[in-house]
Amino acid sequence: MNPVARTVLQRLGLGLVTLFIVSIIIFSAIAMLPGDFAKATLGQSATPETVAAFQREIGIDRPPVERYFVWVAQMLHGDFGSSFASRTGYRRTVAEIIAPRLYNTMFLAAVTALIAVPLALGLGILAALYRNGWFDRLVNVATLTTISFPEFFVAYMLAYLVISRDTFIGSDFAQTLPHWLTVSLNWALNAVPKFPTLSNVNDQTPFWEHLWKVALPAITLTLVIVAHMMRMTRAAIINMLASPYIDMARLKGMSPMVIVLRHALPNAWAPIVTVVAFNLAYLIVGVVVVEVVFVYPGIGQLMVDAVKSRDVPVVQACALIFAATYILLNLLADIISIATNPRLLHPR
Amino acid sequence: MKSSGPGPREKGKDLLQIRNLHVEGFSDERWHPIVHGVDLTLKRGQVLGLIGESGAGKSTIGLAAMGYAKPGCRITQGSVLFDGIDLLAVSEKGRRRLRGSRIAYVAQSAAASFNPAHRLLEQTVETAVAHGLAGREEANRSAVDLYRRLQLPEPETIGFRYPHQVSGGQLQRAMTAMAMACRPDLIIFDEPTTALDVTTQVEVLASIRNIVEEFSTAAIYVTHDLAVVAQMADRIMVLRHGRTVEEADTRQMLASPSQEYTKTLWAVRKLAKPEVPADDYLLTIDNVTAAYAGKVKVLQDVSIKVPRGRTVAVVGESGSGKSTLARVVTGLLPPISGSISFAGQLLPTSLKTRPKEVLRRIQMIYQMPDNALNPRQTVEEVIARPLEFYLGLKGARRDRRIGELMHMVEMSEDFLERLPGELSGGQKQRVCIARALAADPELIICDEITSALDQIVQEEILKLLIRLQRELGMSYIFITHDIATVRAIADEIVVMHRGKVVEQGLKSEVLTPPHAAYTERLLSSVPEMNPDWLTRLLASRKI
Amino acid sequence: MTRSESVAAVQRLRRSRATRAKTALKKAPFSAWFGIVVILGYVFVAVFAHWIAPYGETQVFSEAFAPWSQEFKLGTDQLGRDMLTRLIYGARNTIAIAVATTLLSFAVGVSLGLLAALYRGWLDQILSRAVDVLMSIPSLIFALVLLTIFGSSITSLIVIIALLDSTRVFRLSRAVGLNVAVMEYVEVARLRGEGPKWIIAKEILPNVMPPLVAEFGLRFCFVFLTVAALSFLGVGIQPPTADWGSMVRENATLITYGDVTPLLPAGAIALLTVSVNFVVDWFLQATSGLRDEK
């Protein structure tokens with residue numbers, strides 16, 4: 001068999017195995033729940049009958065292996081079970097809770113990725129080409145600073161900036177400054193677009209309005225991701241430029257442009273793709289915090305609420321979706337790396 | 001394709017003049033001089049050999065001839081006049097126009113210097129097409145022609161392969177073709193055969209020499225190997241610590257070097273210990289077969305006897321299994337079949353099952369003393385450990401023994417508090433020897449222990465080992481690819497090829513004809529210090 | 001060499017190391033100096049919180065969300081507790097938890113990583129595959145799942161985050177350990193018959209210290225940010241313990257009125273992580289010259 005196809009199949013297999021193990025771990029979450037969990041969830045007033053009914057509902061009375069396979073089978077049919085928030089006569093399935101929120105999260109992630117990936121790659125390549133120059137140093141300090149910020153700090157700073165647009169002129173702080181400074185600061189603040197600081201959308205929100213409402217979360221995530229991705233791109237490119245064949249290209253009299261485009265780039269796909277995948281995966285995590293800050297009805301916010309109320313089926317479903325996306329992205333990066341590796345493409 | 005040089009091409013005119021070249025390198029947070037004020041003149045069609053030990057600055061000068069300094073280096077002073085153009089004064093663009101088209105470069109490691117993402121042919125013609133010297137079609141045809149002249153197999157199609165699909169010797173020739181593509185006036189060869197085995201080296205040397213003569217290209221040939229440079233160069237320049245020692249025509253330089261340093265370089269090859277036949281055997285390897293993790297067998301049915309108090313030299317090229325042999329003897333790689341007995345007793349195959357006393361009696365010394373010494377341990381700590389571990393020596397007795405060992409390896413006790421980073425290569429290897437001696441061993445396995453050292457240091461180490469053997473009476477298994485080293489130290493020789501023993505016996509028996517076919521090829525491929533050696537060898541092989 | 005001479009030699013060596021460190025410090029860029037000073041300041045505040053803070057950690061006053069004043073330098077929070085006091089105690093709690101977590105994570109990660117590097121084989125296979133799986137779930141998500149099960153006590157917080165973070169420490173120490181374990185001086189030690197304790201402690205560990213020290217700084221930042229994020233989300237450090245993450249969340253509404261107070265704890269987090277990153281960045285450049293981050 002073609003070595004590329006073989007390696008790709010191997011990776012796919014490995015990805016499936018990983019997903020399988022991850023699903024077992026997440027599933028075990030229920031099995032590992034402490035014994036008095038039902039009572040804690042249903043409240044002190046719960047009668048023994050309701051506790052028993054609840055335990056039957058989450059299936060603690062059946063053997064775990066059987067439960068696991070039932071759980072997987074149901075999930076494959078799109079049935080993620082019912083939320084613990086269901087009450088008798090009012091069943092809320094996990095799927096119906098998650099579906100609209102999943103769309104919202106994907107929307108936010110996609111918008112962020114579309115801005116962040118090209119920006120980070122461009123900046124990273126520039127910094128690598130002009131390394132140790134003033135641009136590189138500036139970018140180094142700037143990105144080092146941004147990656148050190150908690151996401152919620154960046155988020156609230158942005159929100160604060162937008163709010164200050166209206167409140168700054170009337171604040172005590174503004175009064176203490178010299179008049180000209182107050183005026184020019186106010187003028188600068190007024191240049192900030194009036195982004196909504198609450199991203200309250202629902203399924204009726206039209207596309208453009210949706211886009212407008214996710215502006216702040218998307219910018220926050222972009223700032224955080226770009227810093228990471230840019231630094232890694234820079235490192236990957238510098239690493240590449242240190243190879244002997246790049247030296248050789250220089251000694252062959254090739255121009256810097258040709259060296260980068262023809263000699264470095266074809267070998268840079270694998271590291272760059274890895275960097276992008278890693279950061280997109282990181283994006284998923286950043287989403288959780290940012291959604292909470294801007295009260296954006298996405299899956300991250302849902303998961304945090306479910307953790308607080310210990311709504312295990314919802315937590316499981318969310319975790320599984322996050323993990324699957326993460327595994328998928330890394331798998332994709334692996335496959336692209338394999339498919340661009342000349343040693344595998346052209347076997348001996 | 002035509003020659004692009006505007007000047008006349010006949011021999012004799014000056015093509016390259018380097019005057020008062022100074023280069024500095026950056027390390028430890030400051031700039032250190034690497035080359036101090038070297039002058040060099042090269043005429044059209046002439047081949048100049050730059051020779052020197054590590055740190056002589058020969059590669060740096062070679063690159064400076066292209067107006068190039070490695071990353072981390074800078075040219076601080078001097079001029080490089082190439083055909084009337086000062087490469088250091090002209091713009092970067094001007095230099096780029098010359099590089100590849102009129103001055104080309106052949107690197108030591110072809111495998112790393114070819115871009116893995118492009119086919120050989122694309123890379124061969126790249127410069128010619130980019131500099132507008134030829135159309136794609138014409139350049140391709142010319143490249144195939146060059147492949148043929150360089151005796152590459154299947155010249156018509158080899159260009160469509162990727163670098164990883166071609167062997168090391170072929171890649172080195174393909175790189176020469178790439179350098180030749182624009183018919184440059186000057187080629188810099190930077191140790192082009194150093195990474196190759198001797199039998200491969202001969203073929204590549206012959207190809208390079210033919211094509212350079214054919215196009216009467218001027219060349220700077222950088223190497224540390226005197227015998228190689230004797231074959232390739234018209235003139236030789238000897239360098240040391242970034243300064244010129246002397247320069248002369250090849251024959252004159254070989255016959256009568258004038259400087260003391262050059263004479264010591266030349267003298268090295270003459271060391272030869274007289275062999276002493278053995279009567280008693282210390283180690284017997286019987287029909288050993290070994291493999292790494294179920295892969296191809298690296299050793300097949302190998303039987304070797306090591307006499308007590310003598311040296312067995314194991315000779316072979318890369319892939320011959322000689323280093324694997326060392327791993328089997330030390331127990332790092334238990335064999336699949338066969339047995340080893342040591343001092344009359346069967347040796348447990350695996351390291352884990354060997355008692356401490358057996359471990360003590362077999363010691364090992366490695367090729368790279370840099371890797372064999374822990375950079376965070378002082379010389380004293382390194383030597384003290386085996387004394388404590390095996391012999392339980394402590395306090396004053398231990399310190400006295402450390403002093404004796406340092407004395408044995410001819411080192412001052414002042415070195416005891418130093419870290420390996422503060423020692424020279426030769427000193428590090430001496431510390432490794434002292435560490436092995438500390439265990440009071442009966443057998444020392446020396447795995448290419450002189451290959452990473454400069455010639456003069458090599459000789460000192462070999463002399464030391466011979467003296468120690470005479471005084472202490474241990475046996476050596478001396479693994480090497482270098483025939484000169486074998487002549488110097490061996491009593492008996494084992495020739496290995498592809499995991500099998502081809503020939504073994506006393507040094508005099510193996511080194512004098514008749515040889516086994518492979519031994520013949522190996523021995524005849526070792527360059528000699530005679531400028532006519534390659535010519536004669538090629539003539540004799542054609543018959 | 002006599003005993004006193006060898007002692008002198010060791011001292012000379014130490015002194016030369018100390019002077020080397022001193023010259024390196026002298027050459028350190030402004031960012032590194034800034035980082036060092038800030039970190040020392042935080043440590044001081046954390047250690048002496050009890051003496052510096054004007055009020056008690058959970059002392060409640062009558063007015064909630066009081067503005068900045070003489071009495072409450074930074075106002076009060078949603079329950080009427082002094083913000084400055086909470087900020088100071090927050091330094092102690094948040095930093096202590098992050099340090100404990102990082103130490104635990106390193107103890108587990110480094111020892112397993114070096115063992116895997118030294119022995120390869122099945123031990124390495126099992127550990128590496130397990131780490132692969134653990135790392136295929138984003139750590140914040142995994143932490144959320146585990147916190148659902150075990151609840152948000154400080155112990156479970158430390159153990160869970162340390163466990164998840166040790167996977168990264170494992171990967172790094174295994175990688176740098178492998179680079180050293182293939183060195184011939186390690187082989188020499190094995191051939192001599194040394195046990196794993198000697199090989200790891202004397203041969204490998206001293207040679208992997210610089211990257212591990214740098215990694216300690218980076219992991220501390222990461223752990224610190226994770227704890228802060230979890231607390232911010234309300235599933236980390238639980239009230240009434242003062243901590244910066246939850247302080248931001250509890251007072252976030254003030255931002256809508258243009259009040260910067262809730263940004264202060266967030267800024268305190270940012271300042272510390274920036275400082276640590278600056279110092280680590282400089283340390284990496286000083287110890288290895290060319291090493292770029294992965």
Side-chain angles (χ1 to χ4, degrees), chain A residues 14-15 18-19 21-22 25-26 29-30 32-34 140-141 144-145 147-154 156-157 159-160 163-164 166-168 170-171 173 197 231-232 234-235 238-239 242 281-282 284-285 288-289 292-293 303-304 306-308 310-312 315-316 318-319 322-323 326-327 330, chain C residues 31 67-68 129-130 132-152 221 224-226 228-230 232-235 244-245 248-249 252 255-260 262-263 265-267 269-278 280-281 290-294:
Chain A
L14 205 64
T18 314
L19 199 57
I21 299 175
V22 166
I25 294 177
I26 293 175
I30 278 198
M32 285 160 76
L33 283 175
N140 183 36
V141 172
L144 207 54
T145 311
I147 56 176
S148 317
F149 284 0
E151 290 91 351
F152 56 82
F153 182 55
V154 180
Y156 280 128
M157 289 276 277
Y160 182 71
I163 289 164
S164 301
D166 299 329
T167 59
F168 174 72
S171 68
F173 180 60
T197 51
R231 287 175 77 82
M232 290 163 84
R234 174 183 176 277
I238 286 180
N239 195 12
Y282 183 81
I284 299 173
V285 178
V288 177
V289 173
V292 171
V293 171
M303 185 171 178
V304 172
V307 170
K308 282 191 219 161
R310 295 188 142 191
D311 191 345
V312 177
V315 173
Q316 280 179 328
C318 293
F322 278 125
Y326 196 88
I327 293 170
N330 285 318
Chain C
S31 61
W68 295 11
R129 292 295 81 76
D132 282 350
V133 171
L134 284 181
M135 284 180 82
S136 67
I137 309 174
S139 57
L140 187 68
I141 304 298
F142 209 154
L144 286 175
V145 173
L146 292 176
L147 286 171
T148 323
I149 303 169
F150 297 105
S152 302
C221 286
F224 191 64
L225 289 176
T226 310
L230 287 172
F232 170 77
L233 295 174
V235 294
W244 293 338
V248 176
R249 181 179 45 101
I255 294 179
T256 18
Y257 307 107
D259 188 339
V260 290
L263 285 179
I269 297 169
L271 186 61
L272 179 58
T273 42
V274 169
S275 304
V276 174
N277 266 324
F278 278 162
V280 168
D281 197 50
L290 282 171
R291 192 196 127 121
D292 266 292
E293 76 202 47
K294 286 182 287 341

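So that the names make sense, note that chain A is the first sequence line, chain B the second, and so on, each numbered from 1.
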Heavy-atom pairs under 4.5 Å with chain A, option from C:L147, C:L225, C:L134 with the top count: C:L225

Side chain proximity check, C:D132 to A:L14, heavy atoms < 4.5 angstrom: no

Under 4.5 Å from any heavy atom of chain A - which part of C:L144: both

Straight-line distance of A:Y326 OH to C:M135 CE, nearest 0.5 Å: 6.5 Å

Which atoms of A:T145 approach chain C - backbone, side chain, both or neither, heavy atom under 4.5 Å: both

Within-4.5 Å side-chain heavy-atom neighbours: A:V293 and C:F232: yes

Side-chain heavy-atom pair C:I269, A:F152 within 4.5 angstrom cut-off: yes

A:N140 side chain near C:D281 side chain, heavy-atom distance below 4.5 Å: yes

Any A:F153 side-chain heavy atom under 4.5 Å of C:V248 side chain: no

Partner chain C: residue of A:T18, A:L19, A:V22, A:V292 with the largest heavy-atom pair count (under 4.5 Å): A:V22

Heavy-atom pair count under 4.5 Å with chain A, highest-scoring of C:T226, C:L140, C:L263: C:L263

Sub-4.5 Å side-chain heavy-atom contact between A:L144 and C:V274: no

